[in-house]
Amino acid sequence: MLELPTSQRINGIVHSVQRVHQAITRAGLAAEGRDLLQQIEDFTSTPLKALPR
């Protein structure tokens, strides 16, 4: 899913991925999940206004 092109990233997907990021961070797993967190941050760095609704 993290490889979806920008044109296919709907708001619901982006928000769900952000919740996964928060869960990993809040669980104290940021060090272990560093690569995944970086991928999530890259995935969600596209401005939401540029995404289809």
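- Atom CD1 in I10 sits 10.0 Å away from atom NE2 in H15 (nearest 0.5 Å).
- In this structure, CG in L2 is found 10.5 Å from CD1 in I13, a value given to the nearest 0.5 Å.
- For the atom pair CD1 of I40 and CE of M1, the computed distance is 7.5 Å after rounding to the nearest 0.5 Å.
- Here CG of N11 is found 10.5 Å from OG of S16. Values are rounded to the nearest 0.5 Å.
- Take Q38 and apply the side chain to side chain contact (heavy atoms under 4.5 Å, CB included) test, not counting sequence neighbours, and it matches E41, D42.
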For residues 25-32, which side-chain N or O atoms pair as donor and acceptor with protein atoms under 3.5 Å away, sequence neighbours left out?
{"from": "T25", "atom 1": "OG1", "to": "H21", "atom 2": "O", "distance (Å)": "3.0"}

